[in-house]
Amino acid sequence: MAPQTRRTSSFPKVVIERDTDSEESSSSEEIDDGDDDAVDQEEESDEEEEEEEVVKSDKSKGNEEKAKEEIVSKKAPITISLKKVCKVCKRKGHEAGFKGATYIDCPMKPCFLCKMPGHTTMSCPHRVATEFGVVPAPRRNAHNSLDFVFERQLRPHIPKMKPAFVIPDEVQSAVVRYHSRRVTCLEFHPTKNNILLSGDKKGQLGVWDFEKVYEKTVYGDIHGCILNNIKLNPRNDGMLYTASSDGTVSYTDLETGISLSLTNLNPDGWQGPNSWKMLYGLDINSEKGVVIFADNFGYLYMVDMRSNSVMGEPILIHKKGSKVVGLHCNPIQPDLLLSCGNDHFARIWDMRQLKTGSSLYDLTHKRVVNSAYFSPLSGSKILTTSQDNRIRVWDSIFGSLDSPSREIVHSHDFNRHLTAFRAEWDPKDPSESLVVVGRYISENYNGAALHPIDFIDISTGQLVAEVMDPNITTISPVNKLHPHYDILASGSSRSIFIWKPKEKTEIEQPKDERKIVVCGKAEKKNGKKFGGDSDFDSDDDTHNSKGKNLTSKKPYSVSISCSTKKKHETYESKSSKKR
DNA sequence: AGGCGATGTTTCC
DNA sequence: TGGAAACCCTCGCC
């Protein structure tokens, strides 16, 4: 399906549309009408209490939206049913939850998207336009030594032109239920362009050739629990490093799956949660020949790539006892390291003088920072994803690192059942402005609640595209763009998808059916979804039993994989046993 | 097929 | 500081 851009109405229109918002929800209800008699809208009027409270909570809100929110607050909260009790706030008179494929927020809660009180997601201006509230960056005015480094060494790498974005918007191939637990990380092989590596919550490592769709392996004996990060060895791309919540870093041969444990931070086994170390961030500094990784107590470790031995003492780089979530080495300046953590900071370090408290910059966030990445080409910008539902861009050259140059509200809440969302750069975009990130909240797409993957232009805050597939009903928190081709890999629940740009011309291209492999309990016959237990070779859409056709595409070709790898028990071998 | 519950999480008190 | 609550647009399993 083509990338869908959201309604492009500008903000003032939103105020007016507040009325239409309720129309919107009721219109989606119209669709549902057939089966949802219970809810036949008695528009309730006995909601004075709630209404008052909405007005109260209104007082605490911020700034520019006042006018708008006043309008909003005069209206009654969205009211669904009289008898029902809201599962969120336990009050009567309204009910939060899905109404058909549209989710109705509890009006007593702050907006689920921007976290401001006084309105719900439905009427949030950020929902209508991602660029809402994105203001021009403050110009830099401070100059210190780091600024000088950036100016001298990074600025020449900044490209001038901004090309048209190419969006991979159609599922080209997939392995459905590839992993036995949800996917936690993805990494394209840097030189073997068809190889995608994936990690899951169980610690398994997937190696998949997505062009020869059936060539896939899962190594299950490398880690004991969550595989948090994969990095290929730039000096030997047949070998990869992985960091896991089991407290080990492994060095694994891609072909054989034979791995060497470089370090085990829990040599005495499980002694309780206060001592169990987990490794999240991992990166390789090729110039310095070190693998760096960090644990959930705030410490950074280094391993010498030649001797595979730990170097020196661990260094406290984030608040003691707090998790270091991510690490990234600057692609241009090998001395610069970026870290982010649960202490709400992303920090820039000089590798030459790495010691506690010596960070060059501390980038403050309101909540936990899920990820922080230098821009891939110039290394001069920083992209962070924070649990306050905001993507931030920090520009070391055109802005100041004292405050973000962009703050884009985007739905990527923390949820214990989901891998943390991470906004990722497009490594091919010479303008370093295209970013991909999965979306938490769903959109009612022809009667189905889908969670798109968003492409955002961080130079404007605009949503360039939102891609989705009617068969993918699960959230896709893990996304990676290919380093050389217009390919997106997304991880959603246990499945992995490869997206490519849709053919522009409808000319006779032999309608190459998309290649989908189904693993796991594919023998079930009752579902139609990619993410759930199903095979989906029939096309008639029973997605939400509303009789609406979600897609006019031809049936997918589905094949059940029975391939097994002898040496290592793979997931599909397990499932084929069951068969 | 509906409901239960897992969850090495984060926040708040 | 440690323990409990979180109310959430999950997902897989019984």
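Chain naming here is simple, since letters A, B, ... match the order of the sequence lines and numbering starts at 1 in each.
- Picking from B/dG8, C/dG12, C/dC9 the nucleotide with the shortest atom distance to the side chain of A/Ser493 gives C/dG12.
- Atom-to-atom, CD1 of A/Ile104 to P of C/dC9 comes out at 12 Å; the value is rounded to the nearest Å.
- Comparing C/dC11, B/dT7, B/dT10 by their closest approach to the side chain of A/Lys323 singles out B/dT10.
- Minimum interatomic distance between A/Ser492 and A/Thr474 (heavy atoms only, all atoms of both residues): OG-OG1, 2.7 Å.
- Across all strands shown, A/Asn342 has heavy atoms under 4.0 Å from sugar-phosphate atoms exclusively, and none from any base.
- Using a 4.0 Å cut-off between charged side-chain N and carboxylate O, A/Arg439 and A/Glu466 make a salt bridge.
- Among the atoms of the strands shown, none is found under 4.0 Å from any heavy atom of A/Lys277.
- OP1 and OP2 of C/dC9 both lie 4.0 Å or more from every side-chain N or O belonging to A/Asn415.
- Rounded to a whole Å, the CZ atom of A/Phe297 is 11 Å from the P atom of B/dT9.
- Atom pair A/Lys319:NZ and B/dT10:P shows a separation of 12 Å (rounding to whole Å applied).
- Candidate nucleotides B/dT11, C/dC7, C/dC9 were compared by shortest atom distance to the side chain of A/Lys109, and C/dC7 ranks first.
- A/Tyr280 comes within contact range of the sugar-phosphate backbone alone, with a heavy-atom separation under 4.0 Å but no base atom that close.
- Between A/Asp388 atom CG and B/dT11 atom C1' the separation is 14 Å, expressed in whole Å.
- Put simply, CD1 on A/Ile472 is 15 Å from P on C/dT10, counting in whole angstrom units.
- Base pairing annotation: B/dG5 forms a Watson-Crick or G-U wobble pair with C/dC11, both donor-acceptor distances under 3.5 Å.
- Spacing between B/dG8 and C/dC9 at atom C1', rounded to whole Å, works out to 25 Å.
- The residue among A/Arg182 and A/His451 whose nearest nucleotide of DNA chain C lies closer to the 5′ end is A/His451.
- Under the 30°/60° scheme for interplanar angles, the aromatic rings of A/Tyr301 and A/Phe293 are found to lie parallel.
- Listed nucleotides B/dG8, B/dT10, C/dC7 differ in distance to A/Gln387; the shortest reach to its side chain belongs to B/dT10.
- Spacing between atom CG of A/Leu418 and atom C1' of C/dG12 amounts to 14 Å, rounded to whole angstrom units.
- Heavy atoms of A/Arg367 sit under 4.0 angstrom from primed sugar atoms or phosphate atoms, though from no base atom.
- The side chain of A/Arg494 lies closest to C/dG12, out of C/dG12, B/dT10, B/dT9.
- Here the nucleotide nearest the side chain of A/Met278, chosen from C/dT10, B/dT9, B/dT10, is B/dT9.
- Across every non-hydrogen atom of A/Leu196 and A/Leu186, the tightest pair is CD2-CD2, 4.1 Å.
- Dashed line: the shortest gap from a side-chain N or O of A/Lys201 to OP1 or OP2 of B/dG8 is under 4.0 Å.
- Remark: A/Lys115 qualifies as a cation-pi partner of A/Phe112 under the 6.0 Å distance and 45° angle criteria applied to the six-membered ring.
- By the 6.0 Å and 45° rule, A/Lys323 does not stack over the aromatic ring of A/Phe297.
- For A/Arg416 and B/dT9, a side-chain-to-base donor-acceptor distance below 3.5 Å is absent, hydrogens and geometry of angles not being considered.
- Contact annotation for A/Thr121: base contact, defined as any heavy-atom pair under 4.0 Å involving a base atom.
- Nucleotides B/dG3 and B/dT7 place their P atoms 22 Å apart, quoted to the nearest Å.
- Here A/His344 lies in heavy-atom contact (under 4.0 Å) with sugar-phosphate atoms only.
- When rounded to the nearest whole Å, the span between CD1 of A/Ile226 and C1' of B/dT9 equals 10 Å.
- Taking atom CZ on A/Phe414 and atom C1' on C/dC7, their separation rounds to 14 Å, with Å as the unit.
- Applying the Watson-Crick and G-U wobble criteria (two distances, each under 3.5 Å), C/dG3 pairs with B/dC12.
- The two residues A/Cys340 and A/Ala372 make their nearest non-hydrogen contact at SG-N, 3.6 Å.
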